[in-house]
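Only one structure is covered here, and it is reproduced in the block below.
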Amino acid sequence: MPFFCPRPTERRSSLPEHACTAVAGFAVYSRVFNAFSPTRTLMQDKYQPAAVETAAQQHWDSTDAFRVTEDASKPKYYCLSMFPYPSGKLHMGHVRNYTIGDVLARFHRMKGFNVLQPMGWDAFGMPAENAAIQNNVPPAKWTYANIEYMKAQLKRLGFAIDWSRELATCTPEYYRWEQWLFTRLFEKGLIYKRLGTVNWDPVDETVLANEQVIDGRGWRSGALVEKREIPMYYMKITAYADELLSALDDLPNWPEQVKLMQKNWIGRSEGVEISFPYDLSSIGHEGALKVFTTRADTLMGATYVAVAAEHPLATQAATSNPALAEFIEECKRGGVAEADIATMEKKGMPTGLKVRHPLSDEPLEVWVANYVLMGYGEGAVMAVPAHDERDFAFATKYELPIRMVVGSDAYTDTVAPWQDAYAEYGHLVNSGKYDGLDFQGAVDAIAADLAAKGLGAKRVQYRLRDWGISRQRYWGCPIPMIHCADCGDVPVPDEQLPVVLPENVEVTGRGSPLAKMPEFYECACPKCGKPAKRETDTMDTFVESSWYFLRYACADSTSAMVDERVNYWAPVDQYIGGIEHAILHLLYSRFFTRAMRDCGLVNVSEPFSALLTQGMVVAETYYRELDGGKKQWINPADVVVERDERGRIVAAKLESDGLPVVIGGTEKMSKSKNNGVDPQSLVDQYGADTARLFIIFAAPPDQQLEWSDSGVEGASRFLRRVWNYGHAFASETRAALPSERKLAANTLPAAAADVRREIHTHLKQASYDFGKHQFNTVVSAAMKILNALEKAHKDLAGSEPAAHAEVADEGFSILLRLLSPITPHICHALWKDCGFGADILVAQWPEVSEDALKQDEIELMVQVNGKLRGSIKVAADAAKADIEALALASEAAQKFMEGRPAKKVVVVPGRLVNIVA
RNA sequence: GCCGGGAUGGCGGAAUCGGUAGACGCAGCGGAUUCAAAAUCCGCCGCCGCAAGGUGUAAGGGUUCGAGUCCCUUUCCCGGCACCA
């Protein structure tokens, strides 16, 4: 679930051929360090990522390095990246997600945590069925083949994963527990059945997903899609609405933005439920139309009510009104997606029926409106055009009465156009006995009067709706229910679980495959034994992804959904995944964890203690306009760009024919825009470490990442420099190490102390940045450290060999440890080759030395009237008065004060002095 | 439409609490090395200006000694909207 469907990109690599070929190593090496070893030409000198990475991975495999068990002696760190949908091959978004997760996992291991990083497959879903329709491959076969291939790709990237816990949600071993839990939740009343609205394709006779409805038509058949009501199972997530909302406050390590989105999604509102009694003379029978409003204060301004097309009153009125019947049909056309409904033109038609105002008894017309939905609340709303923007537009269009009942400076008369002030709270007018009351006073008084008449009460309402989980599809977890003519809906008993999904089926895209398989649905009622029919719907694939993170704790258990081990590992300490899952997947998982808690399965309520939402991977797009306005998207690898003298891109042309193409802007990598880069070719040519380094360096994790071939080159170049430095260090520098290490600020020569200070300054920044998950600047710090080490090598190695060796020894070991979570393979090799230890996996994260950071003299900026004019050097502990005097006397200050006296001097310690003149 | 984000050189990005804007890298330009190229190394590099200096963080306004950072208004781009995952 977390990852969108298969967009395998068939693309030639955009990367130059020479990347990993054996060219430059020796020459490079001897040139950089020729002062030391002009004649070195050993094979190991050349950085060969494939060999380095294979060796490191074999070492990790043979030592089971990432397999973990519960260990009470260490703090645990459960690091989880959203599991992939096995769509065919990894895309760059996966590589980014798992690299970020791996960096965190390896970092925490260095910090002394017992780290669990598992991996699995979100293996049910529509793409497998689509592939089956297209290529005539059974979904199971397609899925398992994809898993095998993608697993090999993940292994090649060197992620520190405990593969012993691997799971695939499409296996009976996994989904049997989902079915088992379903029957428990059904018995607890947390799952129930009712009608739900779906997109219906009348030609293919099948239910369509929202993404399969394009401009109101089925994507395959092209038929106009209709709304249709069908029976579905629902999970009662609304029973947990209050808890899901209030518990957001207990998640300090979730992004505020995500918590806000969830809060708005749950949408708690306090209001009044109001009954409008039926007008007997027009409707013909007793009853009441129920509405919910947060603006009960405006009740006296209600001038009509509106109901959904599926509402019983609409159906009743349509029987004798062909025009209305036609309008209702029109309302049923189109899809169910909220975005479409919200943007369509608001239309309505009167029914001729009336209801009575609950307080004034005035008759109010009942309208059918296309923006009122049967699925929300009672399928009816009261309309107060004077104080609601949508009602105002509707009333203006159909010339319905508008009655102002809230006084406002902006709103002394009801006139178009709409102003936002019309909806503001104020004191009531034109409301009889309620005149003069403010919002809260009016709501209280009106609710009390309604309650006295039995026509209303205060109520809390949530925007959140119950979760419809029935899908009329094949490739999903079968819903474990049996329908008996006598006993009704009966859950499948435990001993008959799992209800196994048959794997050899024909998928055609018309109807539901399981509903065409008597051998699947014919069964006996578990209660009475008579012939009965098995449910042929499967579950929403969001169900599998709502508990997989708990199953990893005990993936091998055949006797329980989860066992005691789950209470060691849960909750997930760090969850990493795309921002696109900010609401649905995360909210469902929070709900599911609570439902499992209430079934006595886990102790925790929240599944994910900390959340990191990564940005998308985007790339440049290019296209040509074809006849008829259609765009032909061209892969960036096949395009050559022209630049002006500053390097700005001015034009682009297709390499093969030399003719111009249109530059289409930067968009999310996708098959449809043909702008994907295949991670495999990247790894093949540059190695996993370069791929990981580029991805981490190019942008902070939560921002979008723009693809850049030359950026990849830069990452590769940096690793070659690290490699070359490491081998010069191992063979030359190390020999100069003194037997007694000093490494103190007061014993090192000043130049060496400066280098050491610089290294520790960068280390401090890197450690800080790691804490805030800003890994791109951790890489910057590593680059700065290497720059400093190389410069020290050049400037110091000859004159101060012992001091240089000491500083380099410490500095390079810091560099390798900083980089090892990001580029673990090269660091593994160099750590060993440079004699820092047998295995960098057991190394600790480096500590900043405060002694190394000490400074006697510092530089302060001098500003005059807020503008930078110069700088002064002062003692690190200089008094404020001395700093002021020095600044005022400085050449820069004198020049720009132009003889004016200083009105004020602001000293910011350690930073600057600002003179106001 | 509603909810949530974002915008800084030619490009990706940095600036930790309101205190040196542009770290680090890419691209570009100049030089060294090379028969030559690749690779590598050294230097320059926001914009205007010969310079002094001016100006500059999507646009406009405000607060402050001082604003990329805080407040208000606007524009554009992206994510989600309940059956894509």
Side-chain angles (χ1 to χ4, degrees), chain A residues 1-5 18 23-25 27-29 31-32 82 84-85 87 122 125-127 198-199 207-213 255 257-258 260-261 263-265 267 336-339 341-344 375 390 464-465 467-468 470-473 540-542 545 578-585 587 613 615-616 618 643-649 665-668 697-700 702-706 708-711 713-715 717-718 720-721 724 765 768-769 772 774 776-777 779-784 787 859-861 863 865-868 871 903-906 908 911-912 914-916:
Chain A
M1 151 293 5
F3 281 107
F4 31 85
C5 29
H18 57 75
V23 206
V28 175
Y29 175 78
R31 187 142 303 121
V32 180
M82 290 182 181
Y85 179 81
S87 56
D122 186 20
M126 284 204 312
V198 295
N199 301 307
V207 176
L208 298 179
N210 283 335
E211 75 156 9
Q212 296 174 316
V213 179
Q257 126 199 39
V258 172
L260 193 53
M261 280 193 260
K263 186 182 170 206
N264 292 337
W265 185 262
V336 298
E338 191 186 276
I341 291 158
T343 47
M344 73 188 174
R390 194 171 56 180
L464 180 69
R465 312 197 299 262
W467 174 16
S470 295
R471 296 291 180 270
Q472 300 67 44
R473 292 186 219 298
D540 180 1
T541 57
F542 268 122
S545 57
I579 182 72
E580 65 272 22
H581 300 296
I583 296 175
L584 291 180
H585 163 57
L587 194 62
T613 48
M616 298 174 309
V618 300
R643 294 167 185 274
D644 66 9
E645 73 283 358
R646 278 219 184 91
R648 277 181 292 229
I649 294 171
T666 307
E667 302 211 38
K668 176 159 113 178
F697 182 54
D702 56 353
Q703 282 180 36
Q704 73 171 24
L705 183 151
E706 189 165 324
S708 153
D709 286 344
S710 51
E713 292 274 5
R717 194 176 306 153
F718 172 69
R720 278 201 302 273
R721 277 174 61 205
N724 292 338
Q765 181 222 312
Y768 177 83
D769 291 347
K772 57 174 187 171
Q774 191 172 287
N776 56 325
T777 50
V779 176
S780 296
M783 289 172 167
K784 288 176 192 175
N787 289 346
E859 189 178 27
L860 295 183
M861 295 302 126
Q863 294 183 339
N865 291 333
K867 287 189 180 174
L868 183 66
S871 66
K903 286 184 208 147
K904 186 175 174 183
V905 181
V906 181
V908 183
R911 295 257 179 201
L912 56 74
N914 186 17
I915 299 163
V916 186

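Quick caveat: nothing in here was measured; it's all calculated off a predicted structure.
- The shortest side-chain heavy-atom distance between A:Asn865 and A:Ile915 does not fall under the 4.5 Å cut-off.
- If you check B:G25 for Watson-Crick or wobble pairing at under 3.5 angstrom, you find it paired to B:C11.
- Rounded to whole angstrom, the span from the CD atom of A:Glu580 across to the P atom of B:C81 amounts to 10 Å.
- Remark on RNA chain B: of its neighbouring residues A:Val916 and A:Gln703, the 5'-side contact belongs to A:Gln703, judged by nearest-heavy-atom nucleotide.
- Using a 4.0 Å heavy-atom cutoff across all strands shown, A:Val198 reaches at least one base atom of the nucleic acid.
- As judged by a 4.0 angstrom heavy-atom cut-off over every strand, A:Ser871 is placed among residues making no nucleic acid contact.
- The shortest distance between the side-chain N/O atoms of A:Asn264 and the OP1/OP2 oxygens of B:G4 is below 4.0 Å.
- B:C81 is paired with B:G1 under the criterion used here, namely a Watson-Crick or G-U wobble arrangement in which both key atom distances are under 3.5 Å.
- Of the candidate nucleotides B:G1, B:A15, B:A39, B:A15 has the atom nearest to the side chain of A:Gln774.
- When both pairing distances are held under 3.5 Å, B:U63 makes no Watson-Crick or G-U pair with any nucleotide shown.
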What protein N or O atoms touch nucleotides 53-57 of chain B N or O atoms at under 3.5 angstrom, if any, and at what distances?
residue	atom	partner	partner atom	Å
B:G53	OP1	A:Lys895	NZ	2.9
B:G54	OP1	A:Arg869	NH2	3.3
B:G54	OP2	A:Arg869	NH1	3.2
B:U55	OP2	A:Lys867	NZ	3.1

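- Summarising the geometry, the separation between CZ on A:Phe697 and P on B:A27 is reported as 12 Å, rounded to the nearest angstrom.
- The distance from atom CD1 of A:Ile341 to atom C1' of B:A82 is 11 Å, rounded to the nearest whole Å.
- Nucleic acid contact class of A:Ala715 (heavy atoms, under 4.0 Å, all strands): none.
- Of all nucleotides listed (B:A23, B:G4, B:G1), B:A23 comes nearest to the side chain of A:Ser780.
- Straight-line distance between the P atoms of B:U40 and B:G49: roughly 35 Å, to the nearest whole Å.
- Straight-line distance between the C1' atoms of B:G4 and B:A59: roughly 23 Å, to the nearest whole Å.
- Listed here is the closest heavy atom pair of A:Gly866 and A:Asn914: N-OD1, 3.0 Å.
- Each of B:U16, B:G13, B:G79 was ranked by its minimum atom distance to the side chain of A:Ala699; first place goes to B:G13.
- Here A:Thr343 lies in heavy-atom contact (under 4.0 Å) with a base.
- Closest to the A:Lys772 side chain, of the nucleotides B:G12, B:A15, B:A82, is B:A15.
- Close to B:U40, at under 4.0 Å from its OP1 or OP2, lies a side-chain N or O of A:Arg717.
- Residue-level contact check: A:Leu705 touches neither bases nor backbone, having no heavy atom under 4.0 Å from any strand.
- B:C17 has its base syn relative to the sugar, with a glycosidic angle deviating from 0 by at most 90°.
- With B:G80, B:G1, B:A82 as the candidates, the nucleotide lying closest to the side chain of A:Ile583 is B:G80.
- When all heavy atoms of A:Gln774 and A:Asn776 are compared, the closest pair comes out as CG-OD1, 3.1 Å.
- The partner of B:C17 is absent, by the rule that a Watson-Crick or G-U pair needs both atom distances under 3.5 Å.
- Here the nucleotide nearest the side chain of A:Ala342, chosen from B:G1, B:G4, B:C26, is B:G1.
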Exercise. Tell me, with the steps shown, if A:Trp467 and A:Asp540 meet side-chain contact (heavy atoms from CB on, under 4.5 Å).
Key: CA-CA 9 Å; A:Trp467 174 16; A:Asp540 180 1; 2.9 Å; yes
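- Proximity note for A:Arg721 (side chain, C-beta onward) versus B:A23, B:G1, B:G25: the nearest is B:G25.
- Nearest heavy atoms, A:Leu584 versus A:Trp265: CD2-CZ2, 3.9 Å.
- Residue A:Met344 is classed as having no contact, given no heavy-atom separation below 4.0 Å to the nucleic acid.
- When both pairing distances are held under 3.5 Å, B:A32 makes a Watson-Crick or G-U pair with B:U40.
- Along RNA chain B, the nucleotide closest to A:Asn776 and the one closest to A:Ala781 are compared, and the more 5′ of them pairs with A:Asn776.
- B:C26 and B:G9: their C1' atoms are spaced 13 Å apart (whole Å).
- Set against B:G4, B:G12, B:A14, the side chain of A:Gln257 has B:G4 as its closest nucleotide.
- At least one side-chain heavy atom of A:Arg721 sits under 4.5 Å from a side-chain heavy atom of A:Asn787.
- Between A:Ile579 and A:Met261 there is a side-chain heavy-atom pair separated by less than 4.5 Å.
- Taking atom P in both B:C48 and B:G10, the straight-line distance is 9 Å, to the nearest Å.
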Quiz prompt | Steps toward side-chain contact (heavy atoms from CB on, under 4.5 Å) verdict (A:Val908, A:Gln863) | solution = CA-CA 11 Å; A:Val908 183; A:Gln863 294 183 339; over 6 Å; no
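- Nucleotides B:C17 and B:C71, compared at atom P, are 15 Å apart to the nearest Å.
- Comparing B:A15, B:A82, B:C65 by their nearest atom to the side chain of A:Lys904 picks out B:C65.
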Between the protein and nucleotides 17-21 of chain B, list every N/O to N/O distance that falls short of 3.5 Å.
none

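- Using the Watson-Crick or G-U wobble rule with both distances under 3.5 Å, B:A52 pairs with nothing in any strand shown.
- Of all the heavy atoms in A:Gly125 and A:Tyr85, the pair that sits closest is O-OH, 3.7 Å.
- Out of B:C24, B:C84, B:G4, the shortest distance to the side chain of A:Met783 is found at B:C24.
- Comparing the P positions of B:G54 and B:G80 gives a spacing of 48 Å, expressed to the nearest Å.
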